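Inspection log for the structure reproduced underneath, given as structure tokens.
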Amino acid sequence: MIKIKAEIPIVNIEIPRGNARRFEITVTAEGKPFDLSSAKLKMMVESSIGETFDATANIQVSENVLTLEFPPEFSKDAKWRRAKYDILNVSTRHTLIRGEIFLLEVVTL
């Protein structure tokens, strides 16, 4: 059994509104790769205006690398500028990471 520390890493994300973004996060436990390939993950987002939505489709996993992929549609018509999120390993009921998503205004369209 792998023990996960009670300290949940905070990963904040900035996305220019209407732009595609991809983030890769390497997950380790006690300095060793933490294999997520068999984990069932879920990502929930709660915006600053109270809207809550499931963003699990934005997650991809390859061994211990968690990739968060945000297509332009994710933020293009969003009415919010800031949101909290977390990613839960549903299999073990452990929160892997949490943080905030900040939408940045763009000048060039």
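Any value given below was found using the heavy atoms of this structure, including those in side chains, with hydrogens, waters and symmetry copies removed. Keep in mind it's a predicted model, so treat the numbers as computed, not measured.
- In this structure T67 satisfies the side chain to side chain donor-acceptor pair (under 3.5 Å) test with no other residue, sequence neighbours excluded.
- Here I15 contributes atom CD1 and I101 contributes atom CD1; the two are 5.5 Å apart, rounded to the nearest 0.5 Å.
- Between P16 and S75 the shortest heavy-atom distance is O-OG, 3.9 Å.
- Rounding to the nearest 0.5 angstrom, the gap separating the OG1 atom in T95 from the CD1 atom in I8 is 4.5 Å.
- Between A20 and P72, the shortest heavy-atom contact is CB-CD, 3.8 Å.
- Clustering ILVMFWY residues whenever any of their side-chain heavy atoms sit less than 4.5 angstrom apart, transitively, puts L88 in a cluster other than the one holding I97.
- Sorted by first then second residue, the side chain to side chain donor-acceptor pair (under 3.5 Å) pairs that include residues 19-28, not counting sequence neighbours, are R22-E24.
- Applying the side chain to side chain donor-acceptor pair (under 3.5 Å) criterion to E73, with sequence neighbours excluded, gives no partner residue.
- At a threshold of 4.5 Å between non-hydrogen side-chain atoms, the residues V106 and L104 do not count as touching.
- You'll find the side chain of Y85 reaches within 4.5 Å of the side chain of I13, heavy atoms only.
- Between I87 and R98 there is no side-chain heavy-atom pair separated by less than 4.5 Å.
- When hydrophobic side chains of Ile, Leu, Val, Met, Phe, Trp and Tyr are connected at separations under 4.5 Å, F102 ends up as a singleton with no cluster partners.
- With rounding to the nearest 0.5 Å, the separation of CG in L103 from CZ in R17 is 5.0 Å.
- Two residues are said to be in side-chain contact when any heavy atoms from C-beta on lie closer than 4.5 Å; L36 and L96 meet this criterion.
- Checked against salt bridge (Lys or Arg N to Asp or Glu O under 4.0 Å), E14 has no partners two or more places apart in sequence or in another chain.
- No donor-acceptor pair under 3.5 Å is formed between the side chain of S91 and the backbone N or O of A39.
- In terms of heavy atoms, S37 sits closest to D35 at OG-OD1, 2.8 Å.
- Under a hydrophobic clustering in which Ile, Leu, Val, Met, Phe, Trp and Tyr are joined whenever their side-chain heavy atoms come within less than 4.5 Å, directly or via other members, M44 and F74 fall into different clusters.
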Donor-acceptor pairs under 3.5 angstrom involving side-chain atoms of residues 45-66: please list them, not counting sequence neighbours.
unit_1 : atom_1 : unit_2 : atom_2 : d
S47    : OG     : I49    : N      : 3.4
S47    : OG     : E51    : N      : 3.1
S47    : OG     : E51    : O      : 3.3
S48    : OG     : R82    : O      : 3.1
D54    : OD1    : T56    : N      : 2.7
D54    : OD1    : T56    : OG1    : 2.5
T56    : OG1    : M43    : N      : 3.0
N58    : ND2    : E69    : O      : 2.8
N64    : ND2    : V27    : O      : 3.1

